[in-house]
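To start, the structure itself, in structure tokens.
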Amino acid sequence: MRWSNALINTVRETPKEAETISHRLMIRAGMILKVGSGIYDFLPLGWRVIKKITNIIREEMDASGAQELLMPVLSPSELWQETGRWQLYGKEMMRLKDRHDKEWGLGPTHEEVITDIVRRQINSYKQLPVNLYQIQIKFRDEIRPRFGIMRAREFMMKDAYSFDRDEEGALKSYNNMFEAYKRICRRIGFNYRPVEADSGAIGGSSSAEFMVLADTGEETIIYCGKCEYAANVEKAAAIVEAKGGNAGEELQKVHTPDIRTVEELAAFVKMAPEDTAKTIFYIADNKFTAAMMRGDREINEIKLKNALGAPEIRLASAEEIKEKTGAPVGFAGPVGIKDKGIKLVIDNTVAVMPSMVCGGNEKDYHYTGVKRGRDFEEDMTADIARAEEGDSCPKCGGKVKAQKGIEVGHVFYLGDKYSKAMNAVFLDEQGKTKEFVMGCYGIGVTRIAAASIEQNHDENGIIWPMAIAPYEAAVVPVSIKYKEGYDYCVELYEKLKAAGVDVILDDRDISPGVKFKDADLVGFPLRVVVGEKNFKDGRVEVKMRKEKDFQLLDKDAVFERVREIVEEGKNKLKS
RNA sequence: CGGGGCGUAGCGCAGUGGUAGCGCACCUGCCUUGGGAGCAGGGGGUCGGAGGUUCAAGUCCUCUCGCCCCGACCA
């Protein structure tokens with residue numbers, strides 16, 4: 001491509017809405033254009049990156065034995081009603097009616113649709129296993145889209161679904177995908193980590209997320225410094241050191257005017273936060289439920305939800321708490337709660353506290369010396385604490401650390417959740433009817449582009465890895481008026497193009513400063529600069545974007561060298 | 001959904017009730033060519049939309065739409 005013909009509008013000023021580096025740089029480099037909240041155009045430069053990413057994914061999916069197909073963006077409500085997700089998915093699924101008043105949803109994911117395909121197409125164990133995938137637009141009406149294409153409402157995803165005759169096979173398929181995802185991440189050049197994850201709304205029994213490590217990530221990873229353990233904080237088991245719990249032996253009601261937070265309370269009664277226990281109220285599955293946590297720790301609602309086996313959980317409102325416990329928010333506690341028909345779950349940390357400070361169930365009062373068993377009785381003890389740095393590793397006992405990450409991939413072992421609900425069955429050797437055992441596997445294609453920029457940039461712009469760069473090399477004549485140099489550039493450009501290198505020729509008649517700034521901003525991995533000063537002596541500058549210095553090469557050696565670097569960069573991460 | 005903020009040229013912004021502006025970008029010409037040059041000229045606006053107050057509204061009032069940020073873990 002000649003730059004003079006290309007639609008690449010770089011902008012000097014950063015748009016005010018862009019907060020994260022990737023969002024800012026994608027706009028400034030002319031890769032994306034916003035159409036509406038969470039809705040973006042991919043301009044030619046951005047689209048080239050997306051195509052590179054999908055090519056890598058496609059190659060690795062095909063190599064793993066999966067087959068590509070394409071499902072519609074729109075799916076009929078009936079299919080979603082079969083699994084109950086027409087209700088369950090809530091507002092995140094965009095719904096619309098056609099002219100006949102028939103209801104449709106914009107597919108946020110495609111388990112129902114794929115299961116429908118398979119139940120209609122596969123009747124025999126002889127056709128199994130099978131793994132089907134698509135690369136498609138998804139739509140999720142996010143509460144708050146942000147960070148450009150990082151969390152967009154419309155985005156591109158590769159989703160794959162495996163169908164097996166039994167659990168053993170399904171596990172094999174799952175591991176097969178796990179390995180494929182590792183290869184994809186490696187080829188894209190990510191610094192990443194697979195972590196244990198909660199399976200959320202998709203459901204299923206085990207799952208792993210592929211996290212790209214970046215401080216701007218929206219997810220928190222808990223990982224062990226000593227062993228391989230790594231988990232999303234949503235899932236991470238918390239092995240918390242027992243401490244505190246020294247709040248006296250006798251139950252005493254203490255006047256604590258206007259004391260609401262744990263810090264205020266601990267200071268007021270002259271104890272440590274870990275001597276207190278907070279009681280937080282939830283509506284879990286329409287039942288009023290109290291959860292107790294040691295004062296210095298936070299509750300992990302996802303773990304609480306899973307412990308309760310509740311499909312839906314939310315914090316109780318201030319009014320609900322007042323009405324049910326008789327005390328305003330901040331003063332409710334576990335004492336006497338049982339008589340009010342409130343279910344009580346306590347965290348492991350609370351179970352080992354000899355005594356504690358709790359809410360007094362009366363405005364401006366707390367209890368000290370509250371003892372479990374004597375003063376209250378729980379219905380259940382569970383690990384519902386949010387894991388924190390310094391906790392013990394559940395695998396090896398080492399200390400865990402925390403780090404931010406961007407979720408770019410997620411693999412789920414689904415089991416028969418969908419096949420059962422949708423009566424998707426086949427016949428085994430004995431002629432017996434069996435449900436498919438499924439897995440599903442997603443990769444955020446557009447998110448990968450943003451994640452890569454988060455990991456590869458400097459103050460001047462993007463630094464694309466060779467594998468997904470919009471162009472692998474830029475040929476830049478300092479001035480197109482210097483005929484010998486420019487002719488050389490055109491010839492080099494043509495030769496590289498013919499040799500299969502993705503190359504762009506900056507043939508614009510503008511000052512070299514602009515060209516250099518643009519090349520750095522857009523982030524071509526390799527830059528060839530031809531200026532009169534060096535070219536007079538038959539020398540040409542070759543510079544890697546990620547390196548500071550350039551090398552001067554003989555003009556006749558440049559073509560081979562560029563080709564070499566590009567090939568090496570593209571292939572070194574292939575397995 | 002709650003709170004806050006912003007809608008004026010493609011982008012970033014100024015604008016005191018009285019002629020709609022600046023920088024960047026864009027177009028023409030000259031000049032320049034190793035890190036977002038210089039000079040001169042030029043095009044581009046229903047001031048988000050609707051209603052209202054006023055002799056007069058970008059500016060004041062009401063409604064509405066859109067966008068952004070924060071929160072939705074406080075016990």
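Given the structure is predicted, the values throughout are model-derived calculations rather than measurements. The chains referred to below are lettered A, B, ... by the order of the sequence lines, with proteins before strands, and numbering in each begins at 1.
- Taking atom C1' in both G17(B) and C47(B), one finds a spacing of 15 Å when rounded to whole Å.
- Set against U33(B), C67(B), C69(B), the side chain of Lys34(A) has C67(B) as its closest nucleotide.
- The Val478(A) side chain lies nearest to U33(B) when the options are A37(B), C11(B), U33(B).
- One donor-acceptor pair, N or O on each side, does fall under 3.5 Å between the base of G35(B) and the side chain of Asp520(A).
- Under 4.0 angstrom from either OP1 or OP2 of C70(B) there lies at least one side-chain N or O belonging to Arg144(A).
- Between A50(B) and A37(B), the two P atoms lie 41 Å apart (nearest whole Å).
- Within the structure, every side-chain polar atom (N or O) of Ser479(A) is placed at least 4.0 Å from both OP1 and OP2 of U33(B).
- For the C1' atom pair drawn from G3(B) and G21(B), the interatomic distance equals 34 Å after rounding to whole Å.
- Nucleic acid contact for Gly531(A): base, since at least one base atom lies under 4.0 Å from a heavy atom of the residue.
- In this model, no side-chain donor or acceptor of Arg24(A) finds a partner on the base of G12(B) within 3.5 Å.
- Side-chain atoms of Arg28(A) come within donor-acceptor range of the base of G36(B), with a qualifying N/O pair under 3.5 Å.
- Nucleic acid contact for Ile480(A): none, since no nucleic acid atom lies under 4.0 Å from a heavy atom of the residue.
- A distance of about 14 Å separates the P atoms of C69(B) and C13(B), rounded to the whole Å.
- Of the charged side-chain nitrogens involved, none lies within less than 4.0 Å of a carboxylate oxygen, so that Arg372(A) and Glu377(A) do not count as a salt-bridged pair.
- Glycosidic conformation of U16(B): syn, with the torsion inside 90° of 0.
- Residue whose closest nucleotide on RNA chain B sits further toward the 5' end, between Arg386(A) and Glu17(A): Glu17(A).
- Distance CZ (Arg508(A)) to P (G35(B)): 16 Å, rounded to an integer number of Å.
- Contact check, Lys16(A) against C13(B): a side-chain N or O comes under 4.0 Å of OP1 or OP2.
- Along RNA chain B, the nucleotide nearest to Phe535(A) and the one nearest to Ile302(A) differ in position, and the one closer to the 5' end is contacted by Phe535(A).
- Side-chain atoms of Glu541(A) and base atoms of G34(B) include a donor and an acceptor less than 3.5 Å apart.
- Side-chain proximity of Leu315(A) to U33(B), C70(B), C74(B): nearest is C74(B).
- When the P atom of C74(B) is taken as reference, atom OH of Tyr282(A) falls 10 Å away, rounded to whole Å.
- Ion pair Arg527(A)/Glu541(A) flagged as a salt bridge, since at least one NZ, NE, NH1 or NH2 atom sits closer than 4.0 Å to an Asp/Glu carboxylate oxygen.
- In this structure, U32(B) forms no base pair with any nucleotide, since neither Watson-Crick nor G-U wobble geometry is met with both distances under 3.5 Å.
- Following rounding to the nearest Å, Arg151(A) (CZ) and C69(B) (P) show an atom-to-atom distance of 12 Å.
- G2(B) and G18(B) have their P atoms separated by 37 Å, given to the nearest Å.
- Contact annotation for Asn460(A): no contact, since no heavy-atom pair falls under 4.0 Å across all strands.
- Using P as the reference atom, G66(B) and U28(B) are 39 Å apart when rounded to the nearest Å.
- Nucleotide C1(B): paired with G71(B) (Watson-Crick or G-U wobble, both distances less than 3.5 Å).
- With respect to the salt-bridge test (charged N to carboxylate O, under 4.0 angstrom), the residues Arg294(A) and Asp275(A) do not qualify.
- Ion pair Asp549(A)/Lys543(A) not flagged as a salt bridge, since none of the NZ, NE, NH1 or NH2 atoms sits closer than 4.0 Å to an Asp/Glu carboxylate oxygen.
- Taking atom C1' on both C61(B) and U54(B), the two are 12 Å apart, rounded to the nearest angstrom.
- Ionic pairing of Arg146(A) and Glu218(A) is present here: one or more N-O contacts between side-chain nitrogen and carboxylate oxygen are shorter than 4.0 angstrom.
- Candidate nucleotides A75(B), C1(B), U33(B) were compared by shortest atom distance to the side chain of Ile143(A), and C1(B) ranks first.
- Pair assignment for C22(B) gives G12(B), based on Watson-Crick or G-U wobble hydrogen-bonding distances that are each under 3.5 Å.
- Taking atom CG on Asp41(A) and atom P on G10(B), their separation rounds to 16 Å, with Å as the unit.
- Residue Ile280(A) places its side chain closer to A75(B) than to any other of G12(B), C70(B), A75(B).
- Taking the P atom of each, G44(B) and C1(B) are spaced 42 Å apart, rounded to whole Å.
- Residue contacts for Glu532(A): at a heavy-atom cut-off of 4.0 Å it reaches no nucleic acid atom on any strand shown.
- At a threshold of 4.0 angstrom between heavy atoms, the contacts of Val262(A) are confined to the sugar-phosphate backbone, with no base atom among them.
- Residue Ser511(A) has its side chain nearest to U33(B) when only U33(B), G35(B), C70(B) are considered.
- Of all nucleotides present, only C6(B) satisfies the Watson-Crick or G-U wobble test against G66(B), with each distance under 3.5 Å.
- Comparing C73(B), G12(B), A25(B) by their closest approach to the side chain of Glu298(A) singles out C73(B).
- One interatomic measurement links the two molecules: CG of Leu33(A) to P of C11(B), which rounds to 9 Å at whole-angstrom precision.
- If you check C74(B), G23(B), C24(B) against the side chain of Glu13(A), the one that comes closest is G23(B).
- With a 6.0 Å cutoff to the six-membered ring centre and a 45° limit on the axis angle, Lys138(A) does not count as a cation-pi contact of Phe155(A).
- Atom CZ of Arg12(A) and atom P of C26(B) are 9 Å apart (whole Å).
- Salt bridge Arg374(A)/Glu250(A): absent, no basic N to carboxylate O contact under 4.0 Å.
- Put simply, Ser37(A) has a side-chain N or O that comes within less than 4.0 Å of OP1 or OP2 on C68(B).
- Atom CZ in Phe288(A) sits roughly 12 Å away from atom C1' in A75(B) (whole-Å rounding).
- At a cut-off of 3.5 Å, with distance as the only test, a side-chain donor of Thr10(A) or Asp518(A) sits close to an acceptor on the other residue.
- Heavy atoms of Leu265(A) sit nowhere under 4.0 angstrom from any nucleic acid atom.
- Side-chain proximity of Asp518(A) to the nucleotides U33(B), G34(B), G36(B) is greatest for G36(B).
- Between Phe524(A) and Trp3(A), the ring planes are perpendicular. Angles over 60° get that label, and only those under 30° would be called parallel.
- A sub-4.0 Å separation between OP1 or OP2 of C69(B) and a side-chain N or O of Arg146(A) is absent.
- Computed from coordinates, the Asp296(A) CG to A75(B) P distance equals 12 Å when rounded to whole Å.
- More than 12 heavy atoms of other residues, nucleotides or ligands lie within 6.0 Å of CG in Asn5(A), so this atom counts as buried by the packing criterion.
- Nucleic acid contact for Asn9(A): none, since no nucleic acid atom lies under 4.0 Å from a heavy atom of the residue.
- The pairing partner recorded for U53(B) is none, the criterion being a Watson-Crick or G-U wobble arrangement whose two distances lie under 3.5 angstrom.
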